[in-house]
Amino acid sequence: MSSKAPSLTVSSSPSTSTSTSLSRLQTIANHMSPASITNFPAEAVPQAPEDPLFGLMRAYKADQNPDKVDLGIGAYRDDNAKPWVLPVVKKADEILRNDPEANHEYLPIAGLASLTSKAAELLLGTGAPAIAEKRVASVQTISGTGAVHLGALFLARFYKVNGANRTLYLSNPTWANHHQIFTNVGIPIEQYPYFDKKTKGLDFEGMKASLANAPDRSIILLHACAHNPTGVDPTPEQWREIAELMKAKKHFPFFDTAYQGFASGDLDRDAGAIRYFVEQGFELVIAQSFAKNFGLYGERAGCFHFVAPPAPDAAEVTTRVASQLAILQRSEISNPPIYGARIASIVLNDKDLFAEWQENLRTMSGRIIAMRQALRSKLEELGTPGQWNHITDQIGMFSFTGLSEAQVQKIRSDFHIYMTKNGRISMAGLNTRNIEYVAKAIDRVVRDLS
């Protein structure tokens, strides 16, 4: 009788078997399908870097240190480091909420006429000849950024020489978003010298030389007041020289004004450069924001203006330009937003509210001027190495401190004080509670890394 050896069976647990099967199926699936099925691989759409300013804001919010100070954000803060809703804006909001005729219907493509007309007067002056002669075309925009963008689109489409876009000259430095806006529409960019690192003031001779050497009919972007990021503005006499030089070269002025009334507290003074250029007969465009001077940051209220030079056909030119601006606006946003526009319009069209707005502007600009004086005084009291008169010589929301990138990094890591890496600080971030802390921190990093 023969015998058969018993078979040896190795069993596995149900969980192991299931896991092995799933792994094999996944391996087969991976071999059957391509590694990536997207139409936007990394070589076509690389990861974009985070916006530096918004990255700074994110880092500040994540910082748990109780002594942290935000000097980066370009928004007004009161002496308690809190956002300030202008009292006149609260009144206008109350009027709007109690208006039985208020609704949420579309605005016209060009926006709220009661805003755009008063916005033009704010810049050019009540009874300005350019307005009376119908040489101004105004369009409501998505704040100042939208106004710059609409102007860039218009110039990219229509301002050419021999079929080519003219080069646009930006100050060095300028608001970082300027570069992106004009580059995105295909306008070539160059820079003209602006900030003198030695004096921490205006490099006027360098600026003039650059404008003189630029090809005729170049586009020159100018900050009307409270230059961002330096806080350095030309004097009235220097503005006259700039205008004379630009007229000789047939350059095209593009004014960006985000701080009218917020810089000096005087609406007319802050519009002085624009008014002078218009009086000199320039054809120009203006981007205007109501974010800072009304505190309507998130409501995105602004305007774009085209001003034709005085000529027999000026009104006809303006009408044609307005028609093309409407086409561009329609394809971009169709209609501008209504709430912030109504708030600004209510204030601009009411004599008493307008006077109260001017007082609110003096409150904001006055507090910032006081913080400039306090910071300079404390740095000088501490004997901080260097000269600090530029803190009070500069104007508006921002100041170029002169701190190096290494010093900026140290003041952030050691003292939890946040500012942009080029040493720009928002003066609105300073208050009576933190001014001494900030001054001592600046003193320490300057001594350690001078």
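For the single chain, residues carry numbers from 1 onward in sequence order. Below, each value reflects all heavy atoms present in this structure, side chains not excepted, and no hydrogens, waters or symmetry copies.
- You'll find the ring centres of F277 and F255 inside the 6.0 Å limit.
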Assess the residue pair D216 and K249 against the criterion (salt bridge (Lys or Arg N to Asp or Glu O under 4.0 Å)); give the C-alpha distance rounded to whole Å, side-chain angles, the decisive distance to 0.1 Å, and a yes or no. CA-CA 5 Å; D216 288 3; K249 294 288 294 183; 3.0 Å; yes
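- A donor-acceptor distance shorter than 3.5 angstrom exists from the side chain of T318 to the backbone of A314, with no hydrogens or angles considered.
- Here the CG atom belonging to D79 is positioned 8.5 Å from the CG atom belonging to N434, to the nearest 0.5 angstrom.
- In summary, E359 and R362 engage in a salt bridge, as defined by a charged side-chain N under 4.0 Å from a carboxylate O.
- Contact of the V69 side chain with the H416 side chain is not registered, since no non-hydrogen atoms from C-beta on lie closer than 4.5 Å.
- Comment: K90 does not engage E94 in a salt bridge, judged by the lack of any side-chain N to carboxylate O separation of less than 4.0 angstrom.
- At least one test fails for K292 against the ring of Y297: distance under 6.0 Å to the centre or angle within 45° of the axis.
- Between the D203 side chain and the G206 main chain, a donor and an acceptor come within less than 3.5 Å of each other.
- Ring centroid separation for the pair Y194 and H227 comes in under the 6.0 Å cut-off.
- F254 and F182 have their aromatic ring centers within a separation under 6.0 angstrom.
- Judged by distance alone, with hydrogens and angles left aside, the side-chain atoms of D196 form no donor-acceptor pair with the main-chain N or O of K200 at under 3.5 Å.
- With a 4.5 Å cut-off on side-chain heavy atoms, I327 and R330 do not count as touching.
- Between R275 and D268 there is a salt bridge, since at least one side-chain N of the basic residue sits less than 4.0 Å from a carboxylate O of the acidic one.
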